[in-house]
Student: 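Dumping the structure here so I can ask a few things about it.
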Amino acid sequence: MIRPGSIRGPQAMRQGSAACALPARAGACLLVVNPNTDGGITAALRLAAHAAAPAGLRAVVLNPETGPRAIESAADRRAAAAAVLALLRRRPHDGYDGYVMACFDDIAVAEARAQTARPVFSLAQAAIEAAVARGLAFTVVTTVTQAVAGIRDLLERYGAAGLGTVRATGVGVGPSAARTPLAEARLHGAIEDARRHDGARQIVLGSGAYTGRAGELARRYGLPVEDGIGPALRRAAGLPIEAAARPA
């Protein structure tokens, strides 16, 4: 069974204690893992997780010390999975009630589930399930074109092949997270195209690079936008998902 421990060294100092085994703690404690090593994305995930966490739930958000800064290829995916599993095995101790793999992929999910009885969910599964629960046609907007085939497979796996489609901005994870002018233009263009050409009535943000932007984009476009962090936390804590509400 995986019993993840605290990260030692400078990474631990930046990201805070990974321990959840606190005396008389209330509620569940989850470990949220950003599989890439981009500290900016990890920081955004931490803010989003703390904002989305149900009352009484604590989320510890970390990324591996080593591995790809962006996951944009099959080689990146393999390296990230190995780094995530190494993080989970480091200095074992009890404490986490569930795990969230915070990217739009199932990186290390099957391997983690094989080694722990605790719930393990990815942003991808949780976001797709939330979109399916809403019952509206949706488009997953992702970053690089190399991710499209894998996301289509995820749609099939989670019962959304007839409801969802995928569009890529063609801009990398790093620039997308940094909100460069090109990345922003492509993101907004993809959402407009999803509405106009795909008939999308909701948008799923298909990259950790877009973490924390669901509310802003929902207000701008007047339709539900899901980034998966809230549903993933709820699933990992053993709670039912709550689909994103339509903005007022």
Student: Quick one: does T143's side chain get under 4.5 Å of Y210's, heavy atoms only?
Tutor: yes
Student: Could you walk me through whether R179 and E216 pass salt bridge (charged side-chain N to carboxylate O under 4.0 Å, His left out), step by step?
Tutor: CA-CA 14 Å; R179 305 189 189 187; E216 157 211 340; 3.8 Å; yes
Student: Is R78 salt-bridged to E111, cutoff N-O under 4.0 Å?
Tutor: no
Student: Using only atom types and a distance under 3.5 Å, with no angle test, would you say the side chain of R234 pairs donor to acceptor with the backbone of P240?
Tutor: yes
Student: Please examine the side chains of Y99 and V33, heavy atoms only from C-beta on, and report whether any two atoms are closer than 4.5 Å.
Tutor: no
Student: Without swapping roles, check the side chain of R201 against the backbone of A137 for a donor-acceptor pair under 3.5 Å.
Tutor: no
Student: Any chance you could measure D105, atom CG, to I107, atom CD1, to the nearest 0.5 Å?
Tutor: 4.0 Å
Student: Going from CZ on R196 to CD1 on I191, what distance comes out if it is rounded to the nearest 0.5 angstrom?
Tutor: 12.0 Å
Student: Just how far is it from atom CG of L187 to atom CG of L217, taken to the nearest 0.5 Å?
Tutor: 6.0 Å
Student: With no hydrogens and no angle check, just 3.5 Å: does a side-chain donor-acceptor pair link T211 and D227?
Tutor: no
Student: Are P175 and L182 side-chain neighbours, meaning at least one heavy-atom pair lies under 4.5 Å?
Tutor: no
Student: Of all the heavy-atom pairs spanning V171 and S176, show the shortest one and how long it is.
Tutor: O-OG, 3.5 Å
Student: Say you draw a straight line from CD of E72 to OG of S207; how long is it, rounded to the nearest 0.5 Å?
Tutor: 8.5 Å
Student: Can you tell me if E156 uses its side chain to pair, donor with acceptor, with the backbone of R152 under 3.5 Å?
Tutor: no
Student: For residues R220 and H188, is any side-chain donor paired with an opposing acceptor at under 3.5 Å?
Tutor: yes
Student: Counting distance only, does the side-chain N/O of S122 pair as donor-acceptor with the main-chain N or O of Q125 below 3.5 Å?
Tutor: yes
Student: Which atom names give the shortest non-hydrogen contact between P68 and A79, and what distance separates them?
Tutor: CD-CB, 3.9 Å
Student: Can you tell me if Q202 uses its side chain to pair, donor with acceptor, with the backbone of A131 under 3.5 Å?
Tutor: yes
Student: Decide yes or no for L88 and L31: does some side-chain heavy atom of the first lie under 4.5 Å from some side-chain heavy atom of the second?
Tutor: yes
Student: Minimum heavy-atom separation for A83 and T66, please, with both atom names.
Tutor: CB-O, 3.2 Å
Student: I'd like to check H197 versus R167 (side-chain heavy atoms, cut-off strictly below 4.5 Å). Are they in contact?
Tutor: yes
Student: Quick one: does any side-chain atom of D76 pair with a main-chain N or O of S73 as donor and acceptor, under 3.5 Å?
Tutor: yes
Student: Shared ILVMFWY cluster between I71 and V109, side chains joined below 4.5 angstrom?
Tutor: no
Student: Minimum heavy-atom separation for L57 to A237, with atom names?
Tutor: CD1-CB, 3.2 Å
Student: Considering non-hydrogen atoms only, spot the tightest contact between F104 and L123 and give its length.
Tutor: CE1-O, 4.3 Å
Student: Looking at C29, is its backbone amide N or carbonyl O close enough to the side chain of D97 to form a donor-acceptor pair, meaning the two atoms are under 3.5 Å apart?
Tutor: yes
Student: How close do P35 and C103 get, heavy atom to heavy atom, and via which atoms?
Tutor: CG-SG, 3.7 Å
Student: Counting distance only, does the side-chain N/O of T116 pair as donor-acceptor with the main-chain N or O of A112 below 3.5 Å?
Tutor: no
Student: Looking only at side chains, do T42 and N63 share a donor and an acceptor under 3.5 Å apart?
Tutor: yes
Student: With a 4.5 Å cut-off on side-chain heavy atoms, are V141 and V204 touching?
Tutor: no
Student: Going only through I, L, V, M, F, W and Y residues with side-chain contacts under 4.5 Å, is there a path from V100 to V61?
Tutor: yes
Student: Can you tell if the side chain of M101 reaches within under 4.5 Å of the side chain of V84, non-hydrogen atoms only?
Tutor: yes
Student: Rounded to the nearest 0.5 Å, what's the gap from CZ on R195 to CD1 on I203? Could you check?
Tutor: 8.0 Å
Student: Should the pair E129-R235 be classified as a salt bridge under the 4.0 Å nitrogen-to-oxygen rule?
Tutor: yes
Student: With distance as the sole test, does E226 use its side chain to make a donor-acceptor pair with the main-chain N or O of A214 at under 3.5 Å?
Tutor: no
Student: Once you round to the nearest 0.5 Å, how far does CD1 of I151 lie from CD1 of I128?
Tutor: 7.5 Å
Student: Is it true that the side chains of D106 and Y158 contain a donor and an acceptor less than 3.5 Å apart?
Tutor: yes
Student: Do V166 and T139 have side-chain heavy atoms sitting under 4.5 Å apart?
Tutor: no
Student: Checking side-chain polar atoms at under 3.5 Å, does N36 have a donor or acceptor matched by the opposite partner on N34?
Tutor: yes
Student: Under a 3.5 Å distance rule, please check whether D38 uses its side chain to pair with a backbone N or O of G40 as donor and acceptor.
Tutor: yes
Student: Do F138 and V148 sit in the same hydrophobic cluster, where Ile, Leu, Val, Met, Phe, Trp and Tyr count as joined when their side-chain heavy atoms come under 4.5 Å apart?
Tutor: yes
